[in-house]
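One structure below.
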Amino acid sequence: MTQLALVIDLDVCVGCHACVTSCKQWNTSGSAGPLEDANPYGESPSGTFFNRVQTFEVGEFPLTETLHFPKSCLHCEDPPCVPVCPTGASYKRKEDGIVLVDYDKCIGCKYCSWACPYGARELDEGRKVMTKCTLCVDRVHNEALPESERKPACVMACPTNARLFGDVHDEDSEVSRAIRERDGYTLMPEWGTRPANHYLPRRSRT
Amino acid sequence: MKPAWSVIFLTTLCGMAQGLMLALVGADVLGAPLEPAAAQRFFGGGALLCVGLAGLGLFASFFHLGRPERFWRSAAMWRTSWLSREVIAVPAFIGAASWYAWAHHAGQGYATAVGVLCVACALALWVCTAMIYACLRFIREWASPYTLANFAVLGCASGFTAASAWAAWTAPRWVPAYLLAAYLMLAAGLAVRLLMLRRNARLRPGSTLQSALGVRHPVIAQKSMGAMGGTFNTREFFHGRSAAAIRGVRWAFLLLLFPGSALLLAWGQLRASGALLAAALAVQYLGLLAERWFFFAQANHPQNLYYQVVS
């Protein structure tokens, strides 16, 4: 069974936010309608994003490292957000493992966002429905695009190739090899959600 | 978490309606029969009160939805979702309570049997409501049997208090029994709430910044959460109040809900005053609102690990 996912290499992410803006651009331009940008030029702007890059400092001065940490929906293999949805709007596709929200069924109760430990879901203030990373489902299977572009927008935009995309259930795929060879790991393994997205740790420089 | 008033009103109003229904059916099953006209007024009117309270709660819940016009879809996933089950259980309770009101109004012999059905619906609704929160295992403040015990016992306390005020006008001979039950439920509620507070104060977080990032180093500090402006993640999962304000709300509910309302009940009992019993109910309900607000505010969502610093 296919499980599409992202593998993010923390060793080469430079925190440029190109993945954030390309995600916003692609997903705000699709048939599902724009991602809300409330009060964009005012004192307290607020926007819907499917992908964010956060920055952490690891260690104590002077022995510190800057960690740029991109995070979007992890497309868990056992997604806690799906069974709690009262309408069935949240679902996980059997054919490729992508977790999606049917915007036409969502009632905007926000319960799925409470049930996601990663904060991957954002209620769109404009459309009043829950939104999240679709893994660019409208790109990756889109035969109108050249095969080389059938990847999520964030993967296409990353200038350092920190984002890999593929089937983590296929042992010979690029992503599976990267996870195997670089000790790829998942976030908050303690909750048993089995995220499909993996992270590659920073390499030791000493 | 950010407390949502719609859900606070839903859980407190429905809880009171469920407790009141238990009180009515308890008297119907165990008590000496009333005159037909008195029974019609006490049970029929009381059940209508239940319908009104639960209906108000249901109405409040619509304000929680981004797309309330699609509410009918929310009963679909009852096989997996406690929220979906609650969406079925609330109208089922209101329907059963309406039937009970009508059965007493029409003097039907089977009214007590309908009352037992109402009790079953009330109990099922408590389980559904509490499990919505208790099933979220990584929100550790909620993921315990205390959540169900708290909802049920405080619902009973407010329901029996409401029953004593209602009986003061319509069936005075049951006031002492209802008051005794209300005192017992308030005592049980205080015990459950104190145990819950103690448990939650001792909780250790299930997730850490280390497990959230997959970095083993013990010293990690967030420098940017990736956005200068507000996000859903910074609004929905933080109560935005100071620690002192949270402590204030805790003292407010502990005092209003338990000694505050119990003293007013005792005063009402001494003076045989229905108005004082109703005042006790009002004070208790204020405490209940504060208690439910605190219940939501106290919950720490692990996603907050990713949203600690705006810069």
Side-chain angles (χ1 to χ4, degrees), chain A residues 10 15 17 20 38-40 44-49 52-60 65-67 69 71 80 82-89 105-111 113-125 127-130 185-191 199 201-202, chain B residues 1 4 64-71 73-87 132-133 135-139 206-207 209 211-215 217 219-237 299 301-307 309 311:
Chain A
L10 298 177
H17 289 246
V20 177
N39 203 20
S44 53
S46 175
T48 304
F49 286 78
R52 295 181 187 271
V53 178
Q54 305 182 318
T55 302
F56 297 85
E57 188 178 77
V58 179
E60 282 179 285
E65 279 194 22
T66 300
L67 179 76
F69 192 83
K71 182 171 66 67
V82 168
V84 301
C85 175
T87 68
K105 284 186 183 169
C106 178
I107 57 172
C109 71
K110 300 182 271 192
Y111 191 31
S113 70
W114 295 9
C116 169
Y118 307 102
R121 292 173 163 247
E122 301 193 12
L123 187 89
D124 188 274
E125 289 297 319
R127 287 174 285 166
K128 303 285 183 195
V129 292
M130 194 54 70
Y185 64 87
T186 56
L187 306 184
M188 296 187 191
E190 59 271 22
W191 301 120
Y199 286 79
R202 291 175 67 88
Chain B
M1 301 289 287
H64 189 65
L65 304 181
R67 293 285 196 144
E69 74 277 12
R70 298 179 184 164
F71 76 95
R73 288 186 176 276
S74 57
M77 301 305 284
W78 56 272
R79 288 181 191 84
T80 61
S81 170
W82 283 106
L83 179 52
S84 198
R85 290 168 194 159
E86 188 195 40
V87 164
I132 288 173
Y133 308 99
C135 78
L136 301 177
R137 58 208 155 94
F138 46 80
I139 303 184
S207 290
L209 207 41
S211 74
L213 302 179
V215 174
H217 200 289
V219 181
I220 307 173
Q222 186 162 28
K223 294 295 169 187
S224 160
M225 63 176 196
M228 299 285 284
T231 73
F232 173 73
N233 306 72
T234 55
R235 286 190 297 272
E236 181 71 8
F237 300 95
H301 199 288
Q303 79 102 40
N304 294 3
L305 291 167
Y306 298 108
Y307 290 89
V309 174
S311 63

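Convention: sequence-line order gives letters A, B, ...; per-chain numbering from 1.
Note: B:Q222 CD to A:F69 CZ = 10.5 Å, rounded to the nearest 0.5 Å. Of the inter-residue distances, the one linking B:R67 atom CZ with A:K128 atom NZ reads 9.5 Å to the nearest 0.5 angstrom.
Among residues two or more places apart in sequence or in another chain, the side-chain hydrogen bond (donor to acceptor under 3.5 Å, both in side chains) test is passed with A:W191 by B:S207.
No side-chain heavy atom of A:R121 sits under 4.5 Å from any side-chain heavy atom of B:Q303. Between B:L213 and A:L67, the closest side-chain pair of non-hydrogen atoms falls below 4.5 Å. Residues A:T87 and B:F71 form no side-chain contact, since every pair of their non-hydrogen atoms from C-beta on lies 4.5 Å or further apart. Looking at B:P68 and A:I107, their side chains never come closer than 4.5 Å, going by heavy atoms from C-beta outward. Counting heavy atoms from C-beta on, the side chains of B:F138 and A:M188 never come closer than 4.5 Å. Counting heavy atoms from C-beta outward, A:Q54 and B:Y307 have side chains that approach closer than 4.5 Å. Contact check for B:F232 versus A:M130: side-chain heavy atoms found under the 4.5 Å cut-off. You'll find the side chain of A:F56 reaches within 4.5 Å of the side chain of B:L209, heavy atoms only.
Comparing A:S44, A:G47, A:P80, A:C116 by how many heavy-atom pairs each has under 4.5 Å with chain B, the most go to A:C116. Counting heavy-atom pairs closer than 4.5 Å to chain A, the top-ranked of the candidates B:W78, B:F237, B:W82 is B:F237. Interface remark: of the candidates B:A212, B:G66, B:C135, B:G66 forms the most heavy-atom pairs closer than 4.5 Å to chain A. Ranked by heavy-atom pairs shorter than 4.5 Å toward chain A, the options B:A76, B:G206, B:G230 are led by B:G230. Across A:L10, A:V53, A:L123, A:T48, the residue that shares the most heavy-atom pairs under 4.5 angstrom with chain B is A:L123. The candidate with the highest count of non-hydrogen atom pairs below 4.5 Å against chain B, out of A:P40, A:A38, A:A89, A:A115, is A:A115.
Within the 4.5 angstrom heavy-atom criterion, no atom of A:P201 approaches chain B. Heavy atoms closer than 4.5 Å to chain B are found nowhere in A:E65, neither backbone nor side chain. Of the atoms belonging to A:S113, heavy atoms from both backbone and side chain fall under 4.5 Å from chain B. Neither the backbone nor the side chain of B:A4 comes within contact range of chain A; no heavy atom of the residue lies under 4.5 Å from a heavy atom of that chain. For A:C85, the part lying under 4.5 angstrom from a heavy atom of chain B is the backbone only. Contact of B:E236 with chain A is made through the side chain alone, with heavy-atom distances under 4.5 Å. If you measure heavy-atom distances from B:L65 to chain A, the contacts under 4.5 Å come from both the backbone and the side chain. With a 4.5 Å cut-off on non-hydrogen atoms, A:V129 touches chain B through its side chain but not through its backbone.
Across all their heavy atoms, A:P189 and B:S211 have their closest contact at CD-O, 4.3 Å. Smallest separation of non-hydrogen atoms from A:C109 and B:L83: SG-CD2, 3.7 Å.
In the displayed structure, A:E60 atom CD is contacted under 6.0 Å by at most 12 heavy atoms of other residues, nucleotides or ligands.
Looking only at distances, a side-chain donor or acceptor of A:Y111 sits under 3.5 Å from a matching main-chain atom of B:I132. Looking only at distances, no side-chain donor or acceptor of B:H217 sits under 3.5 Å from a matching main-chain atom of A:V58. Not a single donor-acceptor pair under 3.5 Å links the side chain of B:R70 to the backbone N or O of A:G108.
Counting only N and O atoms by type, the side chains of B:T231 and A:R52 include no donor and acceptor under 3.5 Å apart.
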Could you go through B:Y306 and A:K71, starting from their C-alpha distance and side-chain angles, then the distance that decides it, and tell me whether this counts as side chain to side chain contact (heavy atoms under 4.5 Å, CB included)? CA-CA 9 Å; B:Y306 298 108; A:K71 182 171 66 67; 3.5 Å; yes
Before giving the answer on side chain to side chain contact (heavy atoms under 4.5 Å, CB included), spell out for B:R235 and A:S46 the whole-Å C-alpha distance, their side-chain angles and the decisive distance to 0.1 Å. CA-CA 10 Å; B:R235 286 190 297 272; A:S46 175; 2.7 Å; yes
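Aromatic ring pairs are classed by plane angle as parallel below 30°, tilted from 30° to 60° and perpendicular above 60°; the pair B:H64 and A:W114 is perpendicular.
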